There are 2 protein chains.
Amino acid sequence: MTKTKAPEARALPLNQILDGDCIEVMNSLPAGSVDLIFADPPYNLQLRGDLHRPDNSKVDAVDDHWDQFSGFAAYDKFTRDWLTAARRLLKPDGAIWVIGSYHNVFRMGAELQNQGFWILNDVVWRKSNPMPNFRGKRLTNAHETLIWASRAEGSKYTFNYEALKSLNEGVQMRSDWVLPICTGHERLKDANGDKAHPTQKPESLLHRVLVATTNPGDVVLDPFFGTGTSGAVAKMLGRDFIGIEREASYRAVAEKRISRVRRFDKSALEVSTSKRAEPRVPFGQLVERGMLRPGEELWSMNGRHRVKVRADGTLVGSDTHGNIKGSIHQVGAHLEGAPSCNGWTYWHFKREGRTIPIDVLRQQIRAEMADRPH
Amino acid sequence: MTKTKAPEARALPLNQILDGDCIEVMNSLPAGSVDLIFADPPYNLQLRGDLHRPDNSKVDAVDDHWDQFSGFAAYDKFTRDWLTAARRLLKPDGAIWVIGSYHNVFRMGAELQNQGFWILNDVVWRKSNPMPNFRGKRLTNAHETLIWASRAEGSKYTFNYEALKSLNEGVQMRSDWVLPICTGHERLKDANGDKAHPTQKPESLLHRVLVATTNPGDVVLDPFFGTGTSGAVAKMLGRDFIGIEREASYRAVAEKRISRVRRFDKSALEVSTSKRAEPRVPFGQLVERGMLRPGEELWSMNGRHRVKVRADGTLVGSDTHGNIKGSIHQVGAHLEGAPSCNGWTYWHFKREGRTIPIDVLRQQIRAEMADRPH
DNA sequence: TCAGCATTTGAATCTGCTT
DNA sequence: AAAGCAGATTCAAATGCTG
């Protein structure tokens, strides 16, 4: 793996594991070049244990208000710094996922907001097989929290709504995900047979994250790569990855792991798409093509309203005050007294006694376009 | 109960709803006198325009004046101030619960830590019937987050481990709680029949909080009392409450509500536990978990049809007319020319030459879930 | 009284392209 | 940059109406 660290930004080192401190390495990469960042940062840096004030005096009473804050201050600076570097790397429409527990996730979430990231969802990974609370002094800690945020308010982030709906048996994916922790063959072991990394995440979690918020060919960067779960799943799913990891032992494990991963077939990577992604068809085209004739009548979904098609693809009908004219959407909305209306599903034409939504004509045109693209 | 030490401090006004700004009122009460604080502060939702459901009905947004803040700085100051006043009121071994969404909970959690509160658990309220995401642009916001924290590290907080275990069919209570939102008869209405408060919490949530972390006779203070769910449940459970609410209309509703509450008989305390149905397992989860790989082939029961699995848990295959895509049930039904099809028993995968129904994999997942119910 | 069907509703940072 | 407009988008429960 290359370690050419120019003072200037360099080209993107795709599908590699970079050695070094994640902040320095991120700052060496070109700004605005990454589609998605997935980050699973350490969360126990100085929250407990040897707390020192900025002047290096030792903390004595743990109960002390300011002592606690000094521990958090160091963690907050770390969070601020790596998030700043990460945000610089993101494309304007890029997004980030972070994962943490109650020890650190509140501080990460607040800093995300402070930096101008725009939170899209917080997601609860609900562990189906968590470690029990042995002492019976608290609730079983059975979840971790992820935060999904776009680079800024107004970013056109990627969200494969229909694909996630498919993953959830046809109903909207919720913000709570039930997935098992990483165990068994998936859990990587070192030479001694001990677990290679203490907090290895399950591939199922990354699968859902990447299917939801990236497309094939996207660049996914992970600044705390560890044993490379994000890279392994990215490779499977036909995404490019960039990993950053400063521990040589983790890099070695990840390298070997990812080399064994095989990319899925291209056809398997296509996911269900929504209507929004399909090409727009002007209603007038139905008239131009003779699928509907000028003067032909359309009926509303509920059968209460009747309008006529005009040669320019507008409709004309009447309400109690007189004639109304306009697009299929405008006339539908007006007649229903609704703020808006999808004319494609609202209006129906008649053929041989049957009432058919005009949307089927649009689907015919789209099918032709798919056969013979432009 | 300690008597007043500051000139302005007064004796504890138990089982009353106090009028005024919660910070001022809390500062007028004696320090170190409260066992538990439950706080449901404004979330700072930052809503933009109107939102309509797909049927064009308008969503009744939380746009009340009390949820408006000029920015994060103003919200943070507000949070800092009320938490400071709250912490002063707590007994040394007292604890606090706060509830919020991703809009505010990260900032609250960070400030709790900054002030020296000691987080014991973050708890996810998983709503069984959340409002969907109508535009299909994000995940369904199906949960809210509670934080449970003791006044300080080392506080000997109250936790009724066995009581919660009983509430959970004999196994440890987890950090994720599945409870319905507040609807139906429980939802309080005003004179016009509109909801009396836009964010009334379900009594089941408070029931669990108070059973878990208070004992009969404890003093529970709620600085954002609203319609008084915490007070009503405290009364039922034989705890004392102190409510603070500055809106006269909410106070009036709460007063009337609590006056009608009767303290439970001990025998009436237990809620009936309903037997859960077999949990639904989305087919996509088999793919996410790596039990089936994207691109892998499935065979129909009769061996006549072959399809490929895609990354989003849909299948793609072909009939005489071209490609067909859809869920395991849809594709099976289509290929058989049947009105419906149980894809779980219809489709089979191959392992080491053997043909195995995919339902076997679903049973594996259900077995895992059965080990750790809820 | 009841079953069945239609309607209502819930803490929501909920569009995107063209002009 | 702001306005205009096409057009895509919902799940679980409880209530209420009809027969």
Side-chain angles (χ1 to χ4, degrees), chain A residues 93 113 117-122 149-150 153-157 159 161-162 165 168-175 273-284 313 326-333 338-347 358-359 362, chain B residues 40-64 66-69 72 75 99-105 125 127-145 178 180-187 189 193-195 197-202 224 226:
Chain A
D93 292 334
Q113 292 179 311
F117 286 98
W118 194 246
I119 298 182
L120 299 166
N121 278 115
D122 61 333
S150 62
E153 185 181 2
S155 290
K156 290 179 205 131
Y157 56 89
F159 180 53
Y161 174 73
E162 289 293 338
K165 203 168 163 178
N168 197 32
E169 293 249 300
V171 294
Q172 283 191 342
M173 185 66 81
R174 302 168 36 120
S175 57
T273 54
S274 65
K275 278 189 184 173
R276 259 188 288 255
E278 296 186 48
R280 180 170 292 205
V281 176
F283 174 72
S327 72
I328 53 174
H329 315 294
Q330 289 168 334
V331 175
S340 70
C341 170
N342 185 344
W344 289 105
T345 52
Y346 182 77
W347 294 111
I358 60 175
D359 203 32
R362 181 170 65 160
Chain B
D40 180 14
Y43 287 9
N44 187 24
L45 282 189
Q46 310 166 66
L47 302 180
R48 296 292 192 254
D50 288 347
L51 179 65
H52 292 87
R53 299 184 180 81
D55 66 1
N56 272 326
S57 62
K58 192 176 159 203
V59 173
D60 186 14
V62 179
D63 52 6
D64 305 70
W66 46 256
D67 198 41
Q68 310 301 321
F69 293 84
F72 286 134
Y75 190 80
I99 179 168
S101 66
Y102 65 82
H103 308 83
N104 70 324
V105 77
W125 169 26
K127 303 179 184 182
S128 55
N129 50 347
M131 184 162 70
N133 185 291
F134 296 117
R135 307 301 295 264
K137 299 305 293 180
R138 302 181 180 190
L139 300 162
T140 304
N141 214 334
H143 75 276
E144 292 187 28
T145 302
V178 180
I181 60 177
C182 182
T183 59
H185 294 302
E186 189 186 325
R187 189 84 195 211
K189 304 293 195 316
D194 300 323
K195 54 190 175 191
H197 192 286
T199 71
Q200 186 184 341
K201 296 294 176 288
F224 307 99

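Please read all numbers here as calculations on a predicted model, not as lab measurements. Chain letters run A, B, ... following the sequence lines, proteins first and then strands; every chain starts at 1.
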Given [N], is OP1 or OP2 found less than 4.0 Å from the side-chain N or O atoms of [X]?
X	N	answer
A/His329	D/dA6	no
A/Ser327	D/dA6	yes
A/Tyr161	C/dT15	no
B/Lys195	C/dT9	no
B/Lys127	D/dC11	no
B/Asn141	C/dT13	yes
B/Lys137	D/dA8	no
A/Asn342	D/dA8	yes

[X] near the nucleic acid: base, sugar-phosphate alone, or nothing, with a heavy-atom cut-off under 4.0 Å?
X	result
B/Asp40	base
B/Pro41	base
B/Pro130	base
A/Arg174	nothing
B/Gly49	base
B/Ser128	sugar-phosphate
A/Leu120	nothing
B/Asp67	base
B/Arg53	base
A/Glu153	nothing
A/Val281	sugar-phosphate
B/Thr183	sugar-phosphate

Using the [atom1] atom as the reference point in each nucleotide, state the distance between [N] and [M] in Å, no decimals.
N	M	atom1	result
D/dT10	C/dT9	C1'	12 Å
C/dC14	D/dG7	P	23 Å
D/dA13	C/dT13	C1'	26 Å
C/dT1	D/dC17	C1'	15 Å

Which residue, A/Ile328 or A/Gly170, contacts DNA chain D at a nucleotide closer to its 5' end, judged by nearest heavy atom?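 Upstream on the strand: A/Ile328.
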If you pin B/Gly184 and A/Glu162 to their nearest nucleotides in DNA chain D, which one's is more 5'?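 Of the two residues, A/Glu162 wins.
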Spacing between [X] atom [atom1] and [N] atom [atom2], to the nearest angstrom:
X	N	atom1	atom2	result
B/Asp55	D/dA8	CG	P	17 Å
A/Met173	D/dA12	CE	P	14 Å
A/Arg362	D/dA8	CZ	C1'	9 Å
B/Tyr102	C/dA12	OH	P	10 Å
B/Leu51	C/dT13	CG	P	9 Å
B/Arg135	D/dC11	CZ	C1'	17 Å
A/Arg280	D/dG4	CZ	C1'	12 Å
B/Met131	D/dC11	CE	P	13 Å

Is there a donor in the side chain of A/Glu162 and an acceptor in the side chain of A/Thr273, or the other way round, less than 3.5 Å apart?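 No, no side-chain donor-acceptor contact under 3.5 Å.
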Polar side chain donor-acceptor pair, B/Ser57 to B/Arg53, under 3.5 angstrom: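 Yes - a donor-acceptor pair under 3.5 Å links their side chains.
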So B/Trp66 and B/His197, would you call those rings parallel, tilted or perpendicular, with 30° and 60° as cut-offs?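 Parallel: the ring planes of B/Trp66 and B/His197 meet at under 30°.
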Would the distance check show the side chain of B/Tyr75 and the main-chain N or O of B/Pro42 forming a donor-acceptor pair, the cut-off being under 3.5 Å?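 Yes, B/Tyr75 side chain to B/Pro42 backbone: donor-acceptor pair under 3.5 Å.
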For A/Tyr346, does its backbone N or O pair with a side-chain atom of A/Asn342 as donor and acceptor, under 3.5 Å?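 No.
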What do you reckon, are the aromatic ring centroids of A/Trp118 and B/His103 less than 6.0 Å apart?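 Not close enough - the centres of the two rings lie 6.0 Å or further apart.
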Should [N] form a Watson-Crick or G-U wobble pair with both distances under 3.5 Å, which nucleotide is its partner?
N	answer
D/dT9	none
C/dA12	none
C/dC17	D/dG4
D/dC17	C/dG4

To the side chain of [X], which of [options] is closest?
X	options	result
B/Asn129	D/dT10, C/dA11, D/dA12	D/dA12
A/Gln113	D/dA6, C/dC14, C/dT13	C/dT13
A/Gln330	D/dT15, C/dA12, D/dC5	D/dC5

Under 3.5 Å, is there an N or O donor on one side and an acceptor on the other linking the side chain of [X] and the base of [N]?
X	N	answer
B/Arg187	D/dT15	no
A/Ser340	D/dA6	no
B/Lys201	C/dA11	yes

Pull up the glycosidic torsion of C/dT8 and say syn or anti, syn being anything within 90° of 0.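 Base orientation: anti.
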Test: B/Lys58 and B/Asp50 ion pair at under 4.0 Å: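 Judged by the 4.0 Å cut-off on N to carboxylate O distance, B/Lys58 and B/Asp50 do form a salt bridge.
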One thing to verify: whether A/Lys275 and A/Asp359 come together as a salt bridge, which I'm taking to mean a side-chain N less than 4.0 angstrom from a carboxylate O.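 Result for this pair is yes, salt bridge flagged.
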What residue among B/His143, B/Glu144, B/Lys127 forms side chain to side chain donor-acceptor pair (under 3.5 Å) with A/Ser175?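 Filter result, single survivor: B/His143.
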So which one's nearest nucleotide on DNA chain C is more toward 5', B/Asp60 or A/Ser155?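 Of the two residues, B/Asp60 wins.
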If you look at every heavy atom in B/Thr145 and A/Asp122, which pair is closest and at what distance?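 Residues B/Thr145 and A/Asp122, closest heavy atoms: OG1-OD2, 3.9 Å.
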Measure from the ring centre of A/Trp118 to the centre of the six-membered ring in the base of C/dT13, then say whether that distance is under 5.5 Å and the planes meet at under 30°.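 Yes; by the centre-distance and plane-angle rule, A/Trp118 counts as stacking on C/dT13.
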